[in-house]
Asks: 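Let me give you the structure first, and then I'll get to my questions.
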Amino acid sequence: MVKVVGNMQANQSISGVIERITYVNQENGYTVAKLKSRGYFDLITIVGSLPSVNVGAIVSLKGEWKVDSKYGRQFVVSTYEEKLPATIAGIQKYLGSGLIKGIGPVNAKRIVKAFKEDTLRVIEEQIDLLLQVEGIGPKRIEMIKEAWQEQKEVKNIMIFLQSHGVSTAYGVKIYKAYGNDSIKVVQENPYRLADDIWGIGFRTADRIAQSLGYDVRSYERVRSGILYVLNQLSNDGHCFAHRDQLIEETNKLLEIEPERVASAVEEMLKEGSLIPDGEDALFLPVFYHSEVGVARRLKKIRETDSIFIHNKADELLQSIEQKNRVQYDEIQREAIRKAGSSKLTVLTGGPGTGKTFTTLGMISFYQLLGAKILLAAPTGRAAKRMSEVTGMEAKTIHRLLEFKPAKGYTINEDNPLQCDVLILDEVSMVDLILMYNLLKAVPDQAVVILVGDVDQLPSVGAGNVLRDIIDSNAVEVVRLTRIFRQARGSMIITNAHRVNQGKALQYSGPKNRDFFFQQEEDPEKAAQVIVSLVTERLPGYYRVDPVRDIQVLCPMLRGSTGAHNINRLLQEKLTSKGPCVKYGGTTFYIGDKVMQIKNNYDKNVFNGDIGLIESINQEDRTVSIAMDDRLVEYDYTELDEVILAYAVTVHKSQGSEYPIVVAPLSTQHYVMLQRNLLYTCLTRAKKIFAMVGTKQAAAMAIRNNQIAGRNTMLAARISQLLLEAGTPEVNRNLR
């Protein structure tokens with residue numbers, strides 16, 4: 001509770017030097033700091049929106065005195081003005097605060113010692129003189145020069161944003177996108193922000209536009225709102241919107257008459273920023289061309305002959321069995337035959353059904369024929385696992401296509417892959433756009449084998465590619481359903497199939513079982529049980545690394561057993577509190593487990609990649625994260641691209657396997673409790689699965705088999721093109 005001090009007036013003024021910054025919320029600029037002011041013996045606590053203010057800065061503040069029942073006397077800032085420090089001590093503190101990339105406390109001391117009160121003028125006007133300072137060379141001078149200019153411009157942008165009621169956290173992103181023209185660009189068309197800058201959505205751009213006096217019915221606003229709705233739908237997996245759905249959702253967002261939205265839709269159709277299909281479906285161009293393109297590429301690949309298609313496979317199969325000393329059963333033999341006689345084959349099945357073993361047989365089949373085989377998977381972890389089980393190199397799709405930030409996919413329709421056979425694993429998590437870019441690079445004569453578990457959650461990105469290909473009934477599909485004897489002893493596998501069949505989980509088993517359940521009704525207590533399992537009980541019993549070998553998978557982000565809270569609790573237990581950096585309400589420490597949450601083609605890291613923070617350079621304002629076998633450097637301002645990953649959502653775990661999975665399952669998560677979510681969660685565990693929660697929550701998930709539909713026309717397009725092209729290939733359900 002905050003109250004005004006009785007004998008103190010509002011709109012008072014104080015000035016002084018920022019001595020310490022206690023807290024900053026990067027989202028809204030709210031800051032708690034300590035101010036040294038003449039006439040006051042103790043440091044003054046100041047609070048308010050103080051974007052980009054730094055230690056050592058001289059500030060003039062207007063506001064009012066208040067007393068907080070918990071924190072005591074505070075000065076609540078309404079407006080402020082910042083001046084550069086003039087004293088040697090102030091300049092040293094100012095430069096050493098981390099304000100300027102390339103100047104930390106050590107270099108700040110050396111620079112101020114050399115130039116004293118003239119320091120800031122030297123940096124502004126004669127920066128090359130810094131070469132006289134020990135430890136500063138030409139490279140660091142360039143870094144300091146760039147950072148000095150940037151902080152001045154960013155400060156202007158932040159003040160501009162603050163005056164329009166917008167989060168100052170976006171200042172650096174806007175500057176990096178538009179440079180010194182930032183304010184001009186935003187003033188001319190603030191809706192560009194939503195199109196150009198990741199993390200800035202329509203609502204933020206709209207707040208700026210309204211503050212600048214934009215007409216709520218303007219075409220720019222309505223167009224941006226329509227694109228926002230379509231992008232939100234794509235985030236939910238949809239490739240298009242129904243016309244009435246688009247108009248209704250945009251009308252809700254903009255709160256204007258539907259006729260104005262309908263008129264803007266027609267204008268966008270004329271300019272080509274929307275593409276119609278039939279009378280009802282409206283596509284963003286990228287999704288329309290990708291959907292049509294996938295169907296056309298599958299047709300072209302299937303109708304082009306390959307010298308390796310072999311209709312008499314039995315002799316080859318016998319040779320493979322003798323050479324590899326293996327024995328395929330009739331299900332697997334039939335699957336390998338189909339892959340050996342079809343240009344396009346889908347192999348799908350759950351855990352323990354021999355999917356990997358069958359894939360190895362397909363590889364051996366084509367190796368015996370002398371075919372050049374390429375292996376790929378959508379994520380680094382899935383590719384690594386594929387390499388381990390096959391003994392061959394497997395690449396991520398982006399690496400396979402040699403993606404380069406400035407050029408895009410180097411391997412493409414004009415420079416195709418050099419292969420006779422392409423085997424793609426974990427296809428359930430490949431979205432529509434990525435599949436199109438891959439198929440464009442596949443030679444027409446190549447054999448394509450798609451492997452995945454269609455019962456898992458669909459891709460995070462738009463589309464439902466694997467299910468659509470299967471549902472088209474136009475491609476050879478082999479579905480493995482038999483659980484092999486060696487897998488029947490696994491309660492993880494048994495329970496995964498029970499979930500898929502709508503049956504209750506089996507909770508009891510032998511002492512050495514791989515599935516464990518701990519009943520805990522209270523979500524708060526369940527969270528503490530999870531922390532105990534991850535940090536003490538499981539590492540102590542199985543001799544594993546709690547950070548690298550154990551993964552908590554949560555149905556949701558929020559709640560006591562949501563990923564946010566579990567991350568906070570585990571970070572407290574598992575990190576040594578050394579050097580750190582705070583960003584967006586999260587504090588990152590060396591050793592923290594983190595996950596990339598957006599594709600960053602410049603860094604060659606992708607949504608879902610997991611790494612460990614290796615080092616934090618507070619002078620250069622960078623964080624180095626070990627991703628697989630390489631270090632990736634992040635500027636502090638890029639840390640909104642990573643989140644703590646001791647716990648992640650089940651959706652984010654697709655394509656990954658972990659030695660040990662711990663999963664909270666509470667009725668608190670009822671919104672997200674679905675059969676395919678529980679199935680996906682179970683199948684991520686390689687050795688041990690520990691569930692904490694209630695049997696009631698598990699039963700709710702198993703009963704809920706209402707898979708949310710996605711707006712996609714891919715199945716119909718494939719069916720029409722491939723079935724028109726020739727004799728349809730028949731789906732096979734092998735048991």
Side-chain angles (χ1 to χ4, degrees), residues 23-27 169 198-199 379-381 460 523-524 526-535 538-539 544-600 603 605-616 618 622-628 631-654 656 658 660-664 669 672 681 684 692:
Y23 171 80
V24 178
N25 184 324
Q26 297 287 350
E27 296 302 317
W198 185 81
T379 68
R381 287 163 290 164
V460 175
E524 296 283 347
Q528 294 303 323
V529 170
I530 290 166
V531 171
S532 174
L533 282 168
V534 173
T535 61
L538 291 169
V544 295
D545 183 326
V547 177
R548 297 177 186 274
D549 298 323
I550 303 176
Q551 184 63 55
V552 180
L553 299 182
C554 305
M556 294 178 68
L557 288 170
R558 294 178 176 82
S560 303
T561 53
H564 285 328
N565 188 50
I566 299 297
N567 271 321
R568 181 182 63 81
L569 296 172
L570 288 175
Q571 186 190 47
E572 288 177 4
K573 286 278 189 179
L574 294 173
T575 56
S576 56
K577 302 299 184 282
C580 68
V581 55
K582 295 180 181 180
Y583 192 90
T586 301
T587 302
F588 296 98
Y589 294 94
I590 293 174
D592 266 336
K593 184 178 187 178
V594 294
M595 174 182 277
Q596 178 78 14
I597 58 169
K598 75 174 284 265
N599 290 341
N600 186 320
K603 297 183 188 299
V605 290
F606 302 98
N607 190 358
D609 286 353
I610 283 182
L612 299 178
I613 294 180
E614 191 91 354
S615 64
I616 296 173
Q618 294 177 325
T622 59
V623 175
S624 292
I625 300 175
M627 294 279 190
D628 291 327
L631 279 179
V632 183
E633 189 176 277
Y634 291 75
D635 188 84
Y636 280 7
T637 61
E638 297 173 314
L639 290 176
D640 59 343
E641 295 185 15
V642 297
I643 58 172
L644 291 176
Y646 300 101
V648 298
T649 62
V650 179
H651 284 82
K652 287 288 188 184
S653 73
Q654 289 171 267
S656 304
Y658 313 96
I660 299 176
V661 167
V662 178
H669 303 141
M672 295 299 294
C681 186
R684 300 308 89 205
V692 179

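Remember, predicted model here, so these are calculated numbers, not experimental data.
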Asks: What distance separates Leu644 CG from Ile566 CD1, expressed to the nearest 0.5 Å?
Replies: 12.5 Å

Asks: If you define the side chain from C-beta out and look only at heavy atoms, does anything of Tyr634 sit under 4.5 Å from Val605?
Replies: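 Result yes, sub-4.5 Å side-chain heavy-atom pair found.
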
Asks: Write down the atom of Asp609, the atom of Gly380, and the distance for their closest heavy-atom approach.
Replies: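 That closest heavy-atom pairing would be OD1-N, 4.5 Å.
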
Asks: Which heavy atom of Glu524 sits nearest to which heavy atom of Ser560, and what is that distance?
Replies: OE2-OG, 3.0 Å

Asks: Flag the pair Val648 / Leu553 as yes when at least one side-chain heavy-atom distance between them is below 4.5 Å, and no otherwise.
Replies: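 Side chain of Val648 against side chain of Leu553, heavy atoms only: contact under 4.5 Å found.
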
Asks: So, Lys603 and Glu638, do they make that salt bridge, N to O below 4.0 Å?
Replies: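 So Lys603 pairs with Glu638 through a salt bridge.
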
Asks: Using a 4.5 Å cut-off on heavy atoms from C-beta on, say whether the side chain of Pro546 contacts that of Leu538.
Replies: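 Contact flag for Leu538/Pro546 side chains = no.
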
Asks: How many angstroms lie between atom CG of Asn567 and atom CD1 of Ile643, to the nearest 0.5 angstrom?
Replies: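 Result: 7.0 Å between the selected atoms.
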
Asks: How close do Ala563 and Ala647 get, counting heavy atoms only, and between which atoms?
Replies: CB-O, 3.8 Å

Asks: State, to 0.1 Å, how close Ile616 and Pro579 come at their nearest heavy-atom pair, and which atoms those are.
Replies: CD1-O, 3.5 Å

Asks: Are more than 12 heavy atoms from other residues, nucleotides or ligands located less than 6.0 Å from atom NZ of Lys573?
Replies: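 Open: at most 12 neighbouring heavy atoms sit under 6.0 Å from NZ of Lys573.
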
Asks: Check whether any side-chain N or O of Asn599 sits under 3.5 Å from a backbone N or O of Phe606 as a donor-acceptor pair, and report yes or no.
Replies: no

Asks: At what distance, to the nearest 0.5 angstrom, does CG of Leu612 lie from CZ of Arg548?
Replies: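 It comes to 4.5 Å.
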
Asks: Find out whether Thr575 and Phe588 are in side-chain contact, i.e. whether some heavy atom of one side chain is under 4.5 Å from a heavy atom of the other.
Replies: no

Asks: What is the distance from atom CG of Asn565 to atom CG of Leu570, rounded to the nearest 0.5 Å?
Replies: 9.5 Å

Asks: If you look at every heavy atom in Val661 and Cys681, which pair is closest and at what distance?
Replies: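 In this case the closest contact between Val661 and Cys681 is CG1-O, 4.4 Å.
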
Asks: For Tyr646, is there any backbone N or O sitting under 3.5 Å from a side-chain donor or acceptor partner on Gln551?
Replies: yes

Asks: When rounded to the nearest 0.5 angstrom, what distance separates CD in Glu572 from OG1 in Thr535?
Replies: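 So the CD of Glu572 and the OG1 of Thr535 are separated by 11.5 Å.
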
Asks: Can you name the closest pair of heavy atoms from Ile597 and Val642 and give their distance?
Replies: CG1-N, 4.3 Å

Asks: Is the shortest side-chain heavy-atom distance between Ile610 and Lys593 below 4.5 Å?
Replies: yes

Asks: Roughly how far, to the nearest 0.5 Å, is the CG atom of Asn600 from the CG atom of Asn607?
Replies: 11.5 Å

Asks: With a 4.5 Å heavy-atom cut-off, do Val623 and Tyr636 have their side chains touching?
Replies: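 A side-chain contact exists here, since the closest heavy-atom pair is under 4.5 Å.
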
